[in-house]
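Structure first, then comments.
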There are 2 protein chains.
Amino acid sequence: MGKAKKRWTLEEEAALSAGVYKYGTGKWKDILNDHQFAHCLINRSNVDLKDKWRNLGCNASNSQSSSRRHTGSRYVFIVQMYFL
Amino acid sequence: MGKAKKRWTLEEEAALSAGVYKYGTGKWKDILNDHQFAHCLINRSNVDLKDKWRNLGCNASNSQSSSRRHTGSRYVFIVQMYFL
DNA sequence: CTCTAGGGTTAGGGTTTA
DNA sequence: TTAAACCCTAACCCTAGA
């Protein structure tokens, strides 16, 4: 049972963008803890910020096909011997 | 920002497991300094070893003998099969 | 200073749902 | 169906205390 989806508002996106400009990407918790942005992002987690930033970045050029789990019949053995 | 994640290979996991078998848990630097394992773990730090051992879930199940040190002329083969 | 232990955070694959 | 939103968790970070 996942949470109800809550669409990102323009204010939230703006706060996220400004936060990334200030701290750089990968500083999601820092952005959330910044009082300059916190009030706009009160309902978002650091993981939410990361996911949203990824979605924004993928808009332009994400033409990769879906990753496919393949279980083929080819395989290789690697054998190692450790003296203990 | 952020360091690129380097997924652990089966060779690295095998070296770590053998290292823990030889030295016991909590001897990450000893494992790293052991010429027997160093070549497989060249890209890993002692903290990386600790973290990997933790999320392998080996701490709980092997706690009763976790600090046991094994020495002698015994050896073990580690056989890995990769599907391509 | 170095090293480990353990809590905290991020990255990226995977899944769900409007 | 598609993609934004959300989930799972391995991998990595921070740092007190030994």
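Just so it is clear, the structure is predicted and the values come from calculations on it, not from any experiment.
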Pair listing, salt bridge (Lys or Arg N to Asp or Glu O under 4.0 Å) test, anchored in residues 7-21 of chain A, at least two apart: Glu12(A)-Arg44(A), Glu13(A)-Lys52(A)
Round to a whole Å and report the spacing from [atom1] of [X] to [atom2] of [N].
X	N	atom1	atom2	result
Trp28(A)	dC13(D)	CH2	P	16 Å
Leu32(B)	dT2(C)	CG	P	15 Å
Asn55(A)	dT2(D)	CG	P	16 Å
Asn33(A)	dT9(C)	CG	C1'	11 Å
Lys27(A)	dT9(C)	NZ	P	12 Å
Lys6(B)	dG12(C)	NZ	P	14 Å
Asn43(B)	dA11(D)	CG	C1'	14 Å
Asp48(A)	dT15(C)	CG	P	19 Å

Any donor-acceptor N/O pair under 3.5 Å between dC7(D) base and Asp51(A) side chain: yes
Rounded distance (nearest 0.5 Å) linking atom CG of Leu41(B) with atom CG of Leu32(B):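 So the gap between those two atoms works out to 6.0 Å.
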Separation between CD1 of Ile31(A) and CG of Asn46(A), rounded to the nearest 0.5 Å: 10.0 Å
With respect to the side chain of [X], which nucleotide from [options] is positioned closest?
X	options	value
Arg7(B)	dA10(D), dA18(C), dC7(D)	dA10(D)
Lys5(A)	dC7(D), dA4(D), dA10(D)	dA4(D)
Asn46(A)	dT4(C), dT9(C), dG7(C)	dT9(C)
Lys52(B)	dC13(D), dA10(D), dT10(C)	dA10(D)
Arg44(A)	dA5(C), dC6(D), dG12(C)	dC6(D)
Trp8(B)	dA11(D), dT10(C), dG13(C)	dA11(D)

Sugar-phosphate, base or nothing in reach of Lys29(A), heavy atoms under 4.0 Å: sugar-phosphate
Toward the 5' end of DNA chain C, by each residue's nearest nucleotide, Asp30(B) or Lys50(A):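 In this pair, the answer is Asp30(B).
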Heavy-atom side-chain contact between Thr25(B) and Trp53(B) under 4.5 Å: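 Sidechains of Trp53(B) and Thr25(B): in contact.
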Contacts of type salt bridge (Lys or Arg N to Asp or Glu O under 4.0 Å), residue Asp30(A), not counting sequence neighbours: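 Partners of Asp30(A) under the salt bridge (Lys or Arg N to Asp or Glu O under 4.0 Å) test: none.
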Any residue meeting salt bridge (Lys or Arg N to Asp or Glu O under 4.0 Å) with Asp51(B), in chain and number order, not counting sequence neighbours: Arg54(B)
Trp53(A) side chain near dA11(C) phosphate (N/O to OP1/OP2, under 4.0 Å):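 For dA11(C), neither OP1 nor OP2 has a side-chain N or O of Trp53(A) closer than 4.0 Å.
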Residues forming a side chain to side chain donor-acceptor pair (under 3.5 Å) with Asp34(B), sequence neighbours excluded: Lys22(B), Tyr23(B)
Residue list, side chain to side chain donor-acceptor pair (under 3.5 Å) with Ser17(A), at least two apart or on another chain: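 By the side chain to side chain donor-acceptor pair (under 3.5 Å) rule, Ser17(A) matches no residue at all.
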Selection: residues 10-21 of chain A, any non-hydrogen atom under 4.0 Å of DNA chain C: none
